[in-house]
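Everything on this sheet refers to the single structure shown next.
Computed from heavy atoms alone, side chains included, the values below leave out hydrogens, waters and symmetry copies.
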Amino acid sequence: MASWISMDEACRLLGVQPQTVYAYVSRGKLEVAPDPADARRSLYRAEDVAGLARRKQAGRKHETLAANTLFGSEPSIPTALCAFFRGRPYYRGEDAVGLARTATLEDVAQLLWEAEQPVDFSCATAMRSGASGRVAAFTALAGLAATGHSTRGRLTRVLHAEGQALVGAVANAFGAEPGHGPLHLRFGQGWKQPPEVAELLRTAMVLLVDHELTSSAFVARIAASTGASLPACLLAGLTTLSGPLHGDASGRVQALFGEVERLGEDQVVAHYLSTGLPLAGFGHHLYPEGDPRAAALLALFEPPEVIARFIHKVTRLTGLHPNIDVALAALVAVHRLPADAAFGLFATARSVGLLAHSLEQLGVAQVIRPRGRYVGPMPDLAQHARPPYQRL
């Protein structure tokens, strides 16, 4: 039986502030569980804390920390874009699940980019290569990256305008109708879906915009730190996102759903549980009580009956809840969206987040001393209405 300790005790043993503990949790380095005595508090696995403390003691010299943005090979980049608080993601202090009820992708882009003007992803450019989906998106971005201008020495509003065009081009590549209007409506038009389905696409994209310092965000920030062009930063992030262990995880879930539709949920569940194989799309180390993004999306539609039974049975037998990849794959299945629609929605939405990370990295660079120590202003952690600042 694992022993569990409080936040205060974890901070004391590690010699860190709470925001650093949250960062360890977000990277899967520290397991968290709800406190049975107080649902508003969390407990942390003592064994994980002890291991981190040992690594820290064995680790670093002070001058190494000052000279690099990495600590013990872990990302150590400040970001105020996304944080986790009481098992929910927040965008600049706004509950992402709450935003998804009414906000558009354009609204969230304006929030994350801190744009002074409303964001508009209208893009009249259609893909003329004959390709579609990620082939068209990556090909278009590669061409723009090869000829793009460095982000250095350019006004933020100019970069915002370029970013808008890039997100619009990515959306067009995945089938959004070229032209004007919110992206979720343009996706609905391009995929021949009614307005009520377009609303589901809106919700899904808002939930997918950012998830703190993921591997794709880290890669985009590295590109931005070199002064690379915005399309180069976005391409770097999206190619990383395309991995089956990251943004294309819904593809693994779609394959699993295919097995369920062919063989039935009982046979598939029995096979996976008897062999100890992991079930793609179930469980998330950040959300031991269930991914709130998946719950929010699945509450808005009924998956196909056999898939609904499968989700229920897996949750009952394993205790693992469906994550956002399951919700996306179920959305594609019930409305018969294009095969690459799940990744297309993810890539389009996360393009907003990747560009936000790239833009934020440019701002961070302006408050970094030559030896690498962060000296920018820190948010007031006493504002309990906002999630804790992430020092990653």
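Within a 6.0 Å radius of NE2 in His246, other residues, nucleotides and ligands contribute more than 12 heavy atoms. Environment of NE2 in His180: sparse, with no more than 12 heavy atoms of neighbouring residues, nucleotides or ligands closer than 6.0 Å. Residue His312 places its NE2 atom among 12 or fewer non-hydrogen atoms of other residues, nucleotides or ligands, all under 6.0 Å distant. More than 12 heavy-atom neighbours from other residues, nucleotides or ligands sit within 6.0 angstrom of CZ on Arg154.
Checked for salt-bridge contact, Arg88 and Asp95 meet the test: a charged N lies under 4.0 Å from a carboxylate O.
Here His335 and Phe187 keep their ring centres 6.0 angstrom or further from each other. In this structure, His211 has its ring center under 6.0 Å from that of Phe84.
Cation-pi geometry between Arg134 and Phe174 is not met at under 6.0 angstrom from the ring centre and within 45 degrees of the axis.
The two atoms that bring Val49 and Ala10 nearest to each other are CG2-CB, 4.1 Å, heavy atoms only. For the pair Ser358 and Cys233, the tightest heavy-atom approach, listed with the atom from each and the gap, is OG-CB, 3.4 Å. Residue Ala330 comes nearest to Phe257 through the heavy atom pair N-CE1, 3.6 Å, listed as atom of the first residue, atom of the second, then distance. Among all heavy-atom pairs drawn from Cys11 and Val21, the shortest one is SG-CG2, 3.9 Å. Nearest heavy atom pair, residue Ala223 against residue Thr226, reads O-OG1, 2.6 Å. Minimum interatomic distance between Ser250 and Leu328 (heavy atoms only, all atoms of both residues): CB-CB, 4.4 Å.
Using modelled atom types, no side-chain atom of Asp248 and backbone atom of Gly243 make a donor-acceptor pair closer than 3.5 Å. Under a 3.5 Å cut-off, the side chain of Arg92 and the backbone N or O of Leu111 do form a donor-acceptor pair. A side-chain donor-acceptor contact under 3.5 Å links Ser274 to the backbone of His271. Between the side chain of Arg186 and the backbone N or O of Glu177 there is at least one donor-acceptor pair closer than 3.5 Å. Using a distance-only test at 3.5 Å, with no hydrogens or angles considered, a donor-acceptor pair links the side chain of Tyr91 to the main chain of Leu207. A donor-acceptor pair is defined here as one N or O able to donate and one able to accept, closer than 3.5 Å; such a pair exists between the side chain of Thr348 and the backbone of Gly344. Under a 3.5 Å cut-off, the side chain of Arg202 and the backbone N or O of Leu105 do not form any donor-acceptor pair. Of the possible donor and acceptor atoms, none in the side chain of Asp340 sits under 3.5 Å from a partner among the backbone N and O of Gly133. Thr151 places no side-chain N or O within donor-acceptor distance of the main-chain N or O of Ser229, the cut-off being under 3.5 Å.
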I'd like to know whether His184 forms a side chain to side chain donor-acceptor pair (under 3.5 Å) with Thr104, so could you lay out the CA-CA distance, the side-chain angles of the two residues, the decisive distance to 0.1 Å, and finally the verdict. CA-CA 8 Å; His184 66 281; Thr104 64; 5.9 Å; no

side-chain contact (heavy atoms from CB on, under 4.5 Å), that's the test. Do Asp266 and Lys313 meet it? Break it down for me. CA-CA 8 Å; Asp266 292 335; Lys313 187 163 189 172; 2.5 Å; yes

Going through the distances and angles, do Val260 and Val269 end up as a side-chain contact (heavy atoms from CB on, under 4.5 Å)? CA-CA 9 Å; Val260 172; Val269 172; over 6 Å; no

Decide yes or no on side-chain contact (heavy atoms from CB on, under 4.5 Å) for Leu14 and Thr20, but give the supporting numbers first. CA-CA 9 Å; Leu14 292 170; Thr20 304; over 6 Å; no

Start with the C-alpha gap between Phe343 and Ser242, add the side-chain angles, then the distance that decides, and say whether side-chain contact (heavy atoms from CB on, under 4.5 Å) holds. CA-CA 8 Å; Phe343 182 71; Ser242 68; 3.8 Å; yes

Apply the test side chain to side chain donor-acceptor pair (under 3.5 Å) to residues Asn323 and Arg293: give CA-CA distance (whole Å), side-chain angles for both, the deciding distance (0.1 Å), then the verdict. CA-CA 7 Å; Asn323 62 34; Arg293 302 169 301 168; over 6 Å; no

Assess whether side chain to side chain donor-acceptor pair (under 3.5 Å) is satisfied between Glu259 and Tyr272, documenting all intermediate values. CA-CA 11 Å; Glu259 293 182 51; Tyr272 276 82; 3.0 Å; yes

Where do Arg252 and Asp325 land on the salt bridge (charged side-chain N to carboxylate O under 4.0 Å, His left out) test, with the steps shown first? CA-CA 9 Å; Arg252 298 165 58 212; Asp325 301 311; over 6 Å; no

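Arg350 is not listed as a side-chain neighbour of Val209, based on a closest heavy-atom distance of 4.5 Å or more. Counting only heavy atoms from C-beta outward, the side chains of Thr318 and Leu273 approach each other to under 4.5 Å. When side chains are defined from C-beta on, Leu354 does not count as touching Arg221, because their heavy atoms never get closer than 4.5 Å. Side-chain contact between Leu238 and Leu141: present, with at least one pair of heavy atoms (C-beta onward) separated by less than 4.5 Å. Using a 4.5 Å heavy-atom threshold, the side chains of Leu298 and Pro303 count as touching. Between Val306 and Glu265 there is a side-chain heavy-atom pair separated by less than 4.5 Å. Looking only at side-chain heavy atoms (C-beta outward), Val167 and Leu183 come within less than 4.5 Å of each other. Phe121 is listed as a side-chain neighbour of Glu106, based on a closest heavy-atom distance under 4.5 Å.
Cluster annotation: Ile311 and Leu331 are assigned to distinct hydrophobic clusters (Ile/Leu/Val/Met/Phe/Trp/Tyr, side-chain heavy-atom contacts under 4.5 Å, transitive). When hydrophobic clusters are built by joining Ile, Leu, Val, Met, Phe, Trp and Tyr residues whose side-chain heavy atoms come closer than 4.5 Å, directly or via intermediates, Val352 is grouped together with Phe138. Linking ILVMFWY side-chain heavy atoms closer than 4.5 Å, directly or via other members, places Leu201 and Val253 in two distinct hydrophobic clusters. Linking Ile, Leu, Val, Met, Phe, Trp and Tyr whenever their side-chain heavy atoms come within less than 4.5 Å leaves Leu185 and Phe301 in two separate clusters. Residues Leu245 and Phe218 fall into different hydrophobic clusters, defined by Ile, Leu, Val, Met, Phe, Trp and Tyr side chains chained together at heavy-atom separations under 4.5 Å.
A distance of 10.5 Å separates CG of Leu112 from CG of Leu359, quoted to the nearest 0.5 Å. Residue Trp191 holds its CH2 atom at 4.0 Å from CG of Leu345, rounded to the nearest 0.5 Å. For the atom pair Leu43 CG and Ile5 CD1, the distance stands at 9.0 Å (nearest 0.5 Å). Note that CD of Gln110 is 9.5 Å distant from CD of Gln164, once rounded to the nearest 0.5 Å. Once rounded to the nearest 0.5 Å, the distance linking CG of Leu144 with NE2 of His149 reads 11.0 Å. The line from CG of Leu241 to OG of Ser351 is 8.0 Å long, rounded to the nearest 0.5 Å.
Looking at Thr79 and Glu212, their side chains never bring a donor and an acceptor atom within 3.5 Å of each other. A donor-acceptor contact closer than 3.5 angstrom is absent between the side chains of Asp8 and Ser6.
Asp210 meets the salt bridge (charged side-chain N to carboxylate O under 4.0 Å, His left out) test with no other residue; sequence neighbours excluded.
Cluster partners of Val158 are Leu155, counting Ile, Leu, Val, Met, Phe, Trp and Tyr whose side-chain heavy atoms approach within less than 4.5 Å, directly or via other members.
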